[in-house]
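These notes are about the structure you will find just below.
Chain identifiers are assigned alphabetically (A, B, ...) following the order of the sequence lines, protein sequences preceding nucleic acid strands; residue numbering begins at 1 within each chain.
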There are 2 protein chains.
Amino acid sequence: MEAFENLSQAKQQRIINAALREFSDKSYRSASTNTITEQAGISKGALFHYFGSKQQLYHYLMDHTSQQIKAKVLDGLPRTDDLIELFQIISQRKAKLATSYPLMFDFLYRVFREQPEDLKYTELVRQTVELMNVLSSDTIDTSRFREGIDLAKAIDICSWMTEGYAKKYAQTHPQMAVEDMLVAADELFDTLRVMLYKEGV
Amino acid sequence: MEAFENLSQAKQQRIINAALREFSDKSYRSASTNTITEQAGISKGALFHYFGSKQQLYHYLMDHTSQQIKAKVLDGLPRTDDLIELFQIISQRKAKLATSYPLMFDFLYRVFREQPEDLKYTELVRQTVELMNVLSSDTIDTSRFREGIDLAKAIDICSWMTEGYAKKYAQTHPQMAVEDMLVAADELFDTLRVMLYKEGV
DNA sequence: ACGTCTATTGACCAGACCGGTCAATAGATG
DNA sequence: CATCTATTGACCGGTCTGGTCAATAGACGT
C-alpha cells in the first residue's frame, strides 16, 4: 500500500479505474487481475507489489470509493423541511456524481448486491450506499402530506420514483447530458408534489 | 431433444430446475454444465445426449420458460377500465407466479439483462418480459387522474411503485408467504389511489 | 563512466475448471 | 442368455486463474 501511494496521481488513477471497471463488470470471483493490469498498462508483478493480493485490492477499492462519494454528497447539503425539495437536491447531486464518477457508482452497487461472507464490506460502505437511498430526518414538515401518507411512506415513494425515473431515462436517452436530464426531471418532482402534497401547499 | 422429451416428467423437471438455477446465478459464460448435471443428479454424458450443447440447452430454457409464463399471466385476464385495479391484478398474478416458479423469473430477468450477440433471445422472450412491466392499453379511464397526470405517466408510476414495493418487501420479509404479502400490498394500491385519482373517484 | 539500489517486468508456476467425447457398463426387453 | 438402448464418468485438449521471482531497466550519487 505504501508503494502504491508513492505513485504519481495519474498512475494511481489509471490503476484504480481499471480495477473499478473490472470489479463492476464481473463478480469478485470472476474478475481477473490480468485484465486489470492490462487495462491499467502495468505489469502483473507491479499490481501484486502494490496491493499484496486480489482481496486487499478489493478492500482498498471499497474504502476508497465510499469515502470519496460520502464526502461529495453530504458536503454543504442545505437544510430544508420540504421532503421533495431535499430529494430533488440529492438526486441532482447523485446524477452529477454518477456522470463524473460512473465507475465508483457501478462498483458500489455491485458491492451492495453481492456481499460474500469473506469479503464483507465495511460499515463505511454500508453507510454510504444507504445514505444514497434513505433519509433519516426529523426535520421534515409532514403536515404537507395528503391524508394517509406518513413520512416513511413518502420517503419510499420518492426513492422508488426517482430510482425508476433514473433507470428509464438511462435506457431511453443513454447519451444525454446530465443538465438536460435534470431539467427533464423537474417534471417528475412536480408530479410528486401533485401526488403527495395537499392542494395549495 | 427427442431423447429429453421421452424422459419422465419428474426427471425433466429436475434437469430444467438445475439448469435454470445455474443460468440464473451466473452469466452464460460462467455457468457450468458440470454444476447442472450434479444438481440434477445425472451424468455429464446424459446432459449432452439430451441437448447436444450448452447453447442448445440455453435456448431451450428461454423458449420453455417464456411460453409457460406468458400463458399463465394472460390467461383469462379480466377487463377493467381502472388502471390501478389492473395493476393490482397483474401484480397479484406475478407475485403468485414468482413464488410458484421463482427460478423461471430469475432466469428470464437475467436473460433480459444480458443479451450477448450470439445467443440473442427470441421475440417471444422479449414480449414476455416486456409484458410483465408495461401495459399497452387504450381501455383505461383516464378521467380519474389528477390534473397533470396522463396515462403514460400513470403507468410509469404504477410500475415503479409496485417494483419498488416488491423489492423492499423481498428484502425485509424474505420468507413471508405470498398471501400475506398480497394483503400488505393492498395498502400500496390504496396509497396509489390517493395519489393518482381525484378526490372521491 | 561506473556501481548501487530500487521499481518494474513478464515468463512461468501448479492447479482449477471448462465444454465436449466415447468406450464401457447397466438395465430393460424378447 | 443375447440384444439393444440409456446412461455413465474418466478423460481430453484447452483456457484462465492468483501468485512468484529471477532478470532487467532506470534513477542517482560519486
Fill in the blank from the handout: Out of D:dG19, C:dG20, C:dC18, minimum distance to the side chain of B:S53 belongs to C:dG20
Fill in the blank from the handout: When rounded to the nearest 0.5 Å, the distance separating CG of B:D81 from CG of B:L83 is 10.0 Å
Practice task
Considering just the side-chain nitrogens and oxygens of A:S32, establish if one lies under 4.0 Å of OP1 or OP2 belonging to D:dC16.
Solution key: no
Handout entry: Under 4.0 angstrom between A:K11 side-chain N/O and C:dT8 OP1 or OP2
Key = yes
Practice task
Could you check how far CD of B:Q55 sits from P of C:dC18, rounded to whole Å?
Solution key: 18 Å
Handout entry: Interatomic distance, B:L47 CG vs C:dG19 C1' [rounded to whole Å]
Key = 11 Å
Practice task
For A:E38 and D:dC16, give me the distance from atom CD to atom P, rounded to whole Å.
Solution key: 11 Å
Problem - Plane angle bin for A:F51 and A:F4 - parallel if under 30°, tilted between 30 and 60°, otherwise perpendicular - result: tilted
Exercise for the section: Could you check how far CD1 of B:I36 sits from P of D:dG9, rounded to whole Å? Expected result: 18 Å
Fill in the blank from the handout: Rounded to whole Å, the NE2-P distance (A:H49 to D:dT24) equals 19 Å
Exercise for the section: Could you tell me whether a side-chain N or O of A:R146 sits under 3.5 Å from a main-chain N or O of A:V194, the two making a donor and an acceptor? Expected result: yes
Exercise for the section: Pick base, sugar-phosphate or nothing for A:F4, based on heavy-atom distances below 4.0 Å to the nucleic acid. Expected result: nothing
Practice task
Round to a whole Å and report the spacing from CD1 of A:I15 to C1' of C:dT9.
Solution key: 14 Å
Practice task
Please state how far atom CG in A:L57 lies from atom C1' in D:dG19, giving the value in whole angstrom units.
Solution key: 14 Å
Practice task
Output yes when at least one side-chain N/O atom of A:N34 is less than 4.0 Å from OP1 or OP2 of D:dC16, else no.
Solution key: no
Exercise for the section: Take A:G52 and A:S30, find for each the nucleotide of DNA chain D with the closest heavy atom, and name the residue whose nucleotide sits nearer the 5' end. Expected result: A:S30
Handout entry: Side chains of B:S143 and B:D141, donor plus acceptor under 3.5 Å
Key = yes
Exercise for the section: For A:F51, answer base if it contacts any base atom (sugar-phosphate contacts may also be present), sugar-phosphate if it contacts only those atoms, and nothing otherwise; contact means non-hydrogen atoms under 4.0 Å. Expected result: nothing
Exercise for the section: Mark yes or no for whether A:Q12, through its side chain, and A:L7, through its backbone, hold a donor-acceptor pair below 3.5 Å. Expected result: yes
Problem - Selection from C:dG20, D:dT20, D:dT17 that lies nearest to any side-chain heavy atom of B:K54 - result: C:dG20
Handout entry: Taking every non-hydrogen atom, the tightest pair across B:S30 and A:S30
Key = OG-OG, 4.2 Å
Handout entry: Nucleotide of D:dG9, C:dT9, C:dC18 approaching B:S43 most closely (side-chain heavy atoms)
Key = D:dG9
Handout entry: Gap between atoms NZ and P, on A:K44 and D:dG18 respectively (whole Å)
Key = 7 Å
Problem - Closest to side chain of A:R29, choosing from C:dT8, C:dT9, C:dC17 - result: C:dC17
Exercise for the section: Could you say whether A:E22 or A:A46 is positioned toward the 5' end of DNA chain D, judged by the nucleotide with the nearest heavy atom to each? Expected result: A:E22
Problem - Short side-chain N/O contact from B:T33 to OP1 or OP2 of C:dG19, under 4.0 Å - result: yes
Exercise for the section: Report yes if a side-chain nitrogen or oxygen of B:Y50 is closer than 4.0 Å to either non-bridging phosphate oxygen (OP1 or OP2) of D:dT7; otherwise report no. Expected result: yes
Exercise for the section: Just compare C:dT8, D:dT7, D:dG19 and give me whichever is closest to any side-chain atom of A:F48. Expected result: D:dG19
